[in-house]
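Just follow the structure's listing: the first ligand is 1, and inside any ligand the first atom is 1.
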Amino acid sequence: MKTFYVLNGPNLNRLGKREPGIYGSETLETVERRLAEVADENQISIVFRQSNHEGDLIDWIHEAEDAAGIIINPGAFTHYSYAIRDAIASVTVQVVEVHISNVHNREPFRHTSVISPVTKGQIVGFGTNGYELALRSFL
Ligand code: CA2
């Protein structure tokens, strides 16, 4: 059975609890449940994780090297973490980057992703639906 890793970076555990105007009202637990349904329908499995620590995300990217794909929302690390970029470059598994908000109509520092050059693609601005779109892009 194919396994897909869904990795979430800092502060995404706050989803649905604050700033619904930017990030919507769905919690990360709801996103995980929705992806689990898609996984059941398609006989795949999902490893769903969140951490506020850069090193955890790096370790999980390495752990996922034999997985069928990685979906990652690196949170604010997107904009400056060369360590996460290097971790992605160090594995052959394809990675899709997801952002809930449209980072391009927000503050200028969010317009740059140091991650994108080492990903298969980026899904931005479709709210939490972006996770499902990213998963379906692999199916
Ligand atoms: O739009 C996205 O998914 C982001 O990756 C979210 C990050 C932000 O730093 C990126 O620029 C874009 C922030 C995640 C924080 O999530 C919160 C959720 C609810 C309340 C407060 C923060």
What do the steps show when you test E97 against T78 for side chain to side chain donor-acceptor pair (under 3.5 Å), and what is the final call?
CA-CA 9 Å; E97 177 185 350; T78 304; 4.6 Å; no
Given I100, T78, N8, which has its nearest heavy atom closest to atom 2 (C) of ligand 1?
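Nearest heavy atom to atom 2 (C) of ligand 1 lies in I100.
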Look at atom 22 (C) of ligand 1 and find which of Y23, F109, Y131 reaches it with the closest heavy atom.
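Result: the heavy atom closest to atom 22 (C) of ligand 1 is in Y23.
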Quick one about S116 and T119 (side-chain donor to acceptor, distance below 3.5 Å, no hydrogens or angles considered), yes or no?
no
Heavy atom of the protein closest to [atom] (residue, atom name, distance):
| atom | value |
| --- | --- |
| atom 12 (C) of ligand 1 | V103 CG1, 3.7 Å |
| atom 15 (C) of ligand 1 | N11 CB, 3.6 Å |
| atom 4 (C) of ligand 1 | H99 ND1, 3.7 Å |
| atom 1 (O) of ligand 1 | S101 OG, 2.6 Å |
| atom 21 (C) of ligand 1 | E19 OE2, 3.6 Å |
| atom 20 (C) of ligand 1 | R18 O, 3.3 Å |

Heavy atoms only, cut-off 4.0 Å: how does [X] contact ligand 1, side chain, backbone, both, or neither?
| X | result |
| --- | --- |
| I22 | neither |
| R110 | side chain |
| H79 | side chain |

Hey, does T112 have a side-chain heavy atom less than 4.5 Å from the side chain of H79?
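No, side chains not in contact.
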So do the side chains of Y5 and I61 get within less than 4.5 Å of each other, counting heavy atoms only?
no
So, the side chain of [X] versus the backbone of [Y]: is there a donor-acceptor pair under 3.5 Å, distance only?
| X | Y | answer |
| --- | --- | --- |
| H62 | L57 | no |
| N52 | N11 | yes |
| N8 | R49 | yes |

Would you indicate whether F138, at its atom CZ, is surrounded by more than 12 heavy atoms from other residues, nucleotides or ligands within a distance under 6.0 Å?
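Atom CZ in F138 is packed in, count exceeds 12.
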By number and element, which atoms of ligand 1 are closer than 4.0 Å to a non-hydrogen atom of A76?
9 (O)
